[in-house]
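Numbers here simply count residues along the sequence, with the first being 1.
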Amino acid sequence: MAVPKPGVMALFDVDGTLSLSRKVATVEMLQFLQDLRKRVAVGIVGGSDLSKISEQLGKNAIMDYDYVFSENGLVAHKNGIAIGSQSLKKHLGEEKLKEFINFTLHYIADLDIPVKRGTFIEFRTGMINVCPIGRNCSQEERDDFEQYDKIHNVRSKMVDVLREEFEHLNLTFSIGGQISFDVFPTGWDKTYCLRFVEHEFREIHFFGDKTYKGGNDHEIFVSDKTIGHTVTGPEDTMQQCKELFFS
């Protein structure tokens, strides 16, 4: 029987790692994570806000895991208690934010794609989420756009334009999920969450699906503070964890 591994943390991305993109995690996965907590500390780090993470991992998510880092750790909870928060508005200022948002909305208005819906920009505590199709799209439209984007590179082309236009703001652009990308000050990627745990654990294993350069798991995957694991989906996540922590 496997024994607990003190000083070890398993840190997970959400979409594509613990659940399918924007879907609720399965009962099997949720139970597996609780079983895993008997072996190692379990942390969650996602680009989404806390409400979206709670939709996917349970309404009591901040109590069900040792650490929950929403918005890449810019909003941090340990055992249900808030331990940190960072504000994009305070960091950039209203004028720079307005400059970026105005330019981005103009770009999307001129963008010729098959479908557009609503909520093209979602302003979060520590980042801006940009969605060319609009976050109000249906699941079918979301899936269709994902395939369209793989062929036409809508998001990556848009990121190239924004990166050049706003070079002076020192921003990072991170493509994740099916339909959008995140924008935040450089250094506010998922490695931001490590400041809360790097001195507490001798090993931090990170599991994510978008670990390639430009993906929103890349920076934390290659960090010298983590042991990175690339997964292909929730089933693969469970299998890799079983081999690492239960054998």
Please check if the side chain of Arg195 supplies one atom and the backbone of Gly73 the other of a donor-acceptor pair under 3.5 Å.
no
Residues passing the ring pair (Phe, Tyr, Trp, His ring centres under 6.0 Å) test with His218, sequence neighbours excluded, are none
Between Leu111 and Pro132, the two heavy atoms sitting closest are CD2-CB, 3.8 Å
So the side-chain hydrogen bond (donor to acceptor under 3.5 Å, both in side chains) pairs with at least one residue in residues 170-184 (sequence neighbours excluded) are Asn129-Ser180, Asn129-Asp182, Arg135-Ser180, Asp143-Gln178, Glu146-Gln178, Asn170-Thr186, Thr172-Thr186
Distance col, row Leu194:CG vs Phe69:CZ, nearest 0.5 angstrom, shows 8.0 Å
### Message
Assess the residue pair Val8 and His205 against the criterion (side chain to side chain contact (heavy atoms under 4.5 Å, CB included)); give the C-alpha distance rounded to whole Å, side-chain angles, the decisive distance to 0.1 Å, and a yes or no.
### Response
CA-CA 8 Å; Val8 177; His205 292 262; 3.9 Å; yes
- prompt: Salt bridge check: are Lys157 and Asp160 linked by an N-O gap of less than 4.0 Å?
  reply: no
Next on the checklist: Is a donor from one side chain sitting under 3.5 angstrom from an acceptor on the other, for Thr211 and Thr230?
Outcome noted: yes
Interatomic distance, CZ@Arg39 vs CG@Leu244, rounded to 0.5 Å, equals 13.5 Å
Query raised in the report: In terms of ring plane angle, is the pair Phe100 and Phe173 parallel, tilted or perpendicular, where the classes change at 30° and 60°?
Result: tilted
Sorted by chain and residue number, the ring pair (Phe, Tyr, Trp, His ring centres under 6.0 Å) partners of Phe207 (sequence neighbours excluded) come out as Phe12, His229
Quick check on the hydrophobic clustering: are Tyr192 and Val183 connected, directly or via other members, by side-chain heavy-atom contacts under 4.5 Å?
yes
Hits for salt bridge (Lys or Arg N to Asp or Glu O under 4.0 Å) against Glu141, two or more places apart or cross-chain, chain-then-number order -> Arg117
Note to self: I'd like to know if the side chain of Gln56 and the backbone of Val24 have a donor-acceptor N/O pair within less than 3.5 Å.
What the structure shows: no
Nearest heavy-atom approach of Pro185 to His91 is CG-CD2, 3.4 Å
Next on the checklist: As a quick check of understanding, evaluate side chain to side chain contact (heavy atoms under 4.5 Å, CB included) for Tyr67 and Ile83, giving each step before the final call.
Outcome noted: CA-CA 10 Å; Tyr67 288 88; Ile83 57 173; 4.1 Å; yes
Item to complete: Say whether Tyr212 and Val14 are linked into one hydrophobic cluster, either directly or through other cluster members, by side-chain heavy-atom distances under 4.5 angstrom.
Response: no
Residue pairs passing the salt bridge (charged side-chain N to carboxylate O under 4.0 Å, His left out) test with at least one member in residues 230-247, sequence neighbours excluded, are none
Shortest non-hydrogen pair, Asp49 vs Ser70, comes out as C-CB, 3.9 Å
Paired with Cys193, the side chain to side chain contact (heavy atoms under 4.5 Å, CB included) test is passed by just one of Ile44, Leu74, Leu11, Val68, namely Leu11
Applying salt bridge (Lys or Arg N to Asp or Glu O under 4.0 Å) to Lys89 and not counting sequence neighbours gives Glu94
Residues Thr191 and Gly187: closest non-hydrogen pair is OG1-O, 4.2 Å
Taking every heavy atom of Leu57 against every heavy atom of Ala25, the minimum-distance pair comes out as CD2-CB, 3.8 Å
Taken to the nearest 0.5 Å, the spacing of Ile101 CD1 from Lys96 NZ works out to 14.5 Å
Would you sort out whether Phe166 and Phe103 count as a ring pair (Phe, Tyr, Trp, His ring centres under 6.0 Å), showing the intermediate values? CA-CA 10 Å; Phe166 294 98; Phe103 184 93; 5.4 Å; yes
Separation between OG (Ser48) and CD1 (Ile53), nearest 0.5 Å, reads 6.0 Å
inquiry  = Check for me, please, whether Val75 and Val197 land in the same ILVMFWY cluster - side-chain distances under 4.5 Å, paths through other members count.
reply    = no
Residues 147-156 vs side-chain hydrogen bond (donor to acceptor under 3.5 Å, both in side chains), sequence neighbours excluded, gives Asp149-Arg155
Does Asp15 offer a backbone N or O that forms a donor-acceptor pair with the side chain of Ser19 under 3.5 Å?
no
Taken in chain and number order and not counting sequence neighbours, the residues that satisfy salt bridge (Lys or Arg N to Asp or Glu O under 4.0 Å) with Glu164 are none
For Glu198, the salt bridge (Lys or Arg N to Asp or Glu O under 4.0 Å) test, sequence neighbours excluded, returns Lys225
Counting the benzene-type ring for Trp, do Phe32 and Phe246 have ring centres under 6.0 Å apart? yes
Rounded to the nearest 0.5 Å, the CG atom of Asn79 sits from the OH atom of Tyr65 at a distance of 13.5 Å
Between Ser21 and Arg142, the two heavy atoms sitting closest are OG-NH1, 4.3 Å
Side chains of Asp144 and Val115 in contact at under 4.5 Å (non-hydrogen atoms): no
(Q) Please check: side-chain N/O of Asn102 versus main-chain N/O of Leu105, any donor-acceptor pairing under 3.5 Å? (A) no
The complete set of salt bridge (charged side-chain N to carboxylate O under 4.0 Å, His left out) pairs with one or both residues in residues 63-78, sequence neighbours excluded, reads Arg37-Asp66, Lys78-Glu200
(Q) Leu36 vs Phe245, test: side chain to side chain contact (heavy atoms under 4.5 Å, CB included). Steps then yes/no. (A) CA-CA 8 Å; Leu36 182 61; Phe245 305 123; 3.7 Å; yes
Sidechain-backbone polar pair: Asn72 side chain, Trp188 backbone, donor-acceptor under 3.5 Å:
yes
(Q) I want to check something: taking the side chain as every heavy atom from C-beta on, are Val159 and Val130 in contact at a cut-off of under 4.5 Å? (A) no
Sorted by chain and number, sequence neighbours left out, side chain to side chain donor-acceptor pair (under 3.5 Å) with Asp13 holds for Thr17, Lys190
Exercise. Got a salt bridge between Lys98 and Glu95, using NZ or NE/NH1/NH2 to carboxylate O under 4.0 Å?
Worked result: yes
Original post:
How far apart are the C-alpha atoms of Asp189 and Ile220, what are their side-chain angles, what is the distance that settles it, and do they pass the side chain to side chain contact (heavy atoms under 4.5 Å, CB included) test?
Top reply: CA-CA 8 Å; Asp189 53 65; Ile220 192 170; 5.6 Å; no
dist Leu33:CG -> Cys241:SG (nearest 0.5 Å) comes out at 8.0 Å
task: Please say whether more than 12 non-hydrogen atoms of neighbouring residues, nucleotides or ligands are located less than 6.0 Å from NZ in Lys116.
output: yes
For atom NE2 of His168, is the number of surrounding heavy atoms from other residues, nucleotides or ligands below 6.0 Å larger than 12?
yes
* Determine yes or no for a side-chain-to-main-chain donor-acceptor pair under 3.5 angstrom, with Arg124 supplying the side chain and Leu88 the backbone. => no
Ring pair (Phe, Tyr, Trp, His ring centres under 6.0 Å) filter on Phe181, not counting sequence neighbours, yields none
Crowding at CD, Glu28 (>12 non-hydrogen neighbours, <6.0 Å): no
Linking I/L/V/M/F/W/Y whenever their side-chain heavy atoms sit closer than 4.5 Å, directly or via other members, would Val40 and Met238 fall into one cluster? yes
Following the transitive rule for hydrophobic clusters with a side-chain heavy-atom cut-off under 4.5 Å over Ile, Leu, Val, Met, Phe, Trp and Tyr, establish whether Ile227 and Phe206 coincide in one cluster. no
